[in-house]
Amino acid sequence: MTFLQGIAASNGIAIAKAYKLVEPDLSFEKKTVENTEEEAGRFHAALEKSKDELSQIRDRAMVDLGADKAAIFEAHLLVLSDPELVTPIEDKIKSENVNAEHALKETADMFITMFEQMDNEYMKERAADIRDVTKRVLSHLLGVHIVNPSMIAEEVIIIAEDLTPSDTAQLNRNFVKGFTTDIGGRTSHSAIMARSMEIPAVVGTKTATEDIQNGDLVIVDGLKGEVHINPTPEAVEEYRRVNDQYEAQKAEWAKLVNEKTVSSDGHHVELAANIGTPKDLKGVVENGGEGVGLYRTEFLYMGRDQMPTEEEQFEAYKAVLEGMEGKPVVVRTLDIGGDKELPYLNLPKELNPFLGFRAIRLCLEEQSIFRTQLRALLRASIYGNLKIMFPMIATLDEFRAAKAILDEERTKLESEGQQVSEKIELGIMVEIPSTAVLADQFAKEVDFFSIGTNDLIQYTMAADRMNERVSYLYQPYSPSILRLVKMVIDAAHAEGKWAGMCGEMAGDETAIPLLLGLGLDEFSMSATSILKARSQISKLGKAQMEKLAKEVLNMRTTEEVINAVKKATQM
Ligand code: PEP
Ligand code: MG
């Protein structure tokens, strides 16, 4: 049995066969062929196999993932049936006596270059389609297996170098029992998605794709961050027992589903959920969420090949607001960039994407994208208790500019006779140190703060949240981070505003006592963490935690803080 230590990214235990999601080797050499008829036949056979495969994927996607995802594969099928692509490949095989692989690649590359150079979004997207189908046909010519995560039809554990958020969104929860990756940290977006999908996950193992082969039996221990490869029957038995205990514990927490969140000395806080799509609402309700503290709207824009329309967005926001039945819903405007890419925006590659043209910076520049989203939100506002928040605000000027655009869109809608709610609170994410430091000034102009510790820690410690080699610097309990958090909470309260936190720290067992002591009003976390957090808070005294928080702010190291929390809470 081999063992890998990684970072625990999503709770629970999964035991299943490995399914490697790795790019296949599609390299080949140019060859001269004598029998070009036979070679053209080989090309056609590969083409037919690709079409069959794509039809199956499309049908499965239609059922499991919905019409918009299925449309991507429909577009691929159209490309494969297009004589403008197919005929030149055949001609090349016959006129140049070359192998099908070479003829296919040369022809496809020529079209890709041509489409990519066009100043037309639609044609640029076609280049991406051609690139994709070329890989599929090549794989059949070469006889190598190409992975199709949406076709998984048995229980598996996904093994990948990394999973992009859109890969993660395509995984079928019924079959994907867990996943493990070589890279990533607890706050990388694949880890966050795994928590919202309730799939046990271990990230940052460094070598999972090397050490694990397709079909190996794998245990993913998302509680401890361990991966066991081909475990002994005894180990499997032991893990089944651990899993049973974990399930029993969850059943205990589940009794709190309809309760309020109150400390042992009667202080009430709000426990809300972070969601990525309207589908996540079920988990919020089942786990007793008192609201949505962060709706990451960027997932609406991802895993597709064009912008969502105002109408599509309106429907999604309305569904979430209605689903929460008047409870607060904090919707964050588009936060694209960093590890969340939108290929169809065709933005130039940046050296430091986490420090680059992202989130509100992009929205203030590409205003039509921003205005469409704001209009959809304003129109949906009458269906529930909407609060809007802007991501990655670094200066008051950015906040004011974004607010001015929102006000303009409100005025336009109202003059068109559209109804818009009168009471939409407007807040910001505090995830950039400059904003935390200047929180007292921001508090005069915003309605609320939501502290985004995933980024706030990364920017304060200058440690990439995706990079497992610097994960030791990712220290939520560092007195430096706690002081920033305190500044933000105090600044909000001084102006009679509320402060929440939607970074992963808000659901962290060691951080919760400190955040309660610091006076945090709203804790927003993965839905699956809510009941555990509610149970924990019910056993903590607010007054005692205030004392603890005061002490740790004057400590020097993270370790001292952790020890003090353990001592005070008997963890
Ligand atoms: C954060 O930065 O803490 C946050 C909640 O936003 P995201 O994880 O989407 O960057
Ligand atoms: Mg962030």
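Computed over heavy atoms, backbone and side chain alike; hydrogens, waters and symmetry mates excluded. In listed order, ligands and their atoms are each counted from 1.
Other residues, nucleotides and ligands place no more than 12 heavy atoms under 6.0 Å from the CD atom of Glu341. Heavy atoms from other residues, nucleotides or ligands lying under 6.0 Å from NZ of Lys486 number 12 at most. Enclosure of atom CD in Glu559 is not indicated, since only 12 or fewer non-hydrogen atoms of other residues, nucleotides or ligands lie within 6.0 angstrom.
Close contacts between ligand 1 and Arg296 involve ligand atoms 4 (C), 5 (C), 6 (O), 7 (P), 8 (O), 9 (O) [criterion: under 4.0 Å to a heavy atom]. Residue Glu431 has at least one heavy-atom neighbour below 4.0 Å for each of these atoms of ligand 1: 1 (C), 2 (O), 6 (O). Taking every heavy atom of Arg465 and a limit of under 4.0 angstrom, the matching atoms of ligand 1 come to 2 (O), 7 (P), 8 (O), 10 (O). Listed by number with element, the atoms of ligand 1 under 4.0 Å from a non-hydrogen atom of Lys340 are 9 (O). The Asp455 neighbourhood of ligand 1 comprises atoms 1 (C), 2 (O), 3 (O), 10 (O), with distances under 4.0 Å to a heavy atom of that residue.
Salt bridge present: Arg379 and Glu310 bring a charged side-chain N and a carboxylate O closer than 4.0 Å.
By the 3.5 Å distance cut-off applied to N or O atoms, Thr453 is counted among the residues near ligand 1. Every N/O-N/O distance between Arg358 and ligand 1 stays at or above 3.5 Å.
Listed by chain and number, Glu431 OE1, Asp455 OD2 are the protein N/O/S atoms closer than 2.8 Å to the Mg ion (ligand 2), with waters left out.
Heavy-atom separations between Met429 and ligand 1 include at least one value shorter than 4.0 Å.
With a heavy-atom cut-off of 4.0 Å, Asn274 does not touch ligand 1 at all. Contacts between Gln458 and ligand 1 below 4.0 angstrom, taking non-hydrogen atoms only, are absent altogether.
Taking the six-membered ring for Trp and thresholds of 30 and 60 degrees, Phe448 and Trp498 have nearly parallel ring planes, at less than 30 degrees apart.
When all heavy atoms of Pro328 and Glu270 are compared, the closest pair comes out as CG-OE2, 3.7 Å.
Gln475 places a side-chain N or O within 3.5 Å of a backbone atom of Tyr472 that can act as its donor or acceptor partner.
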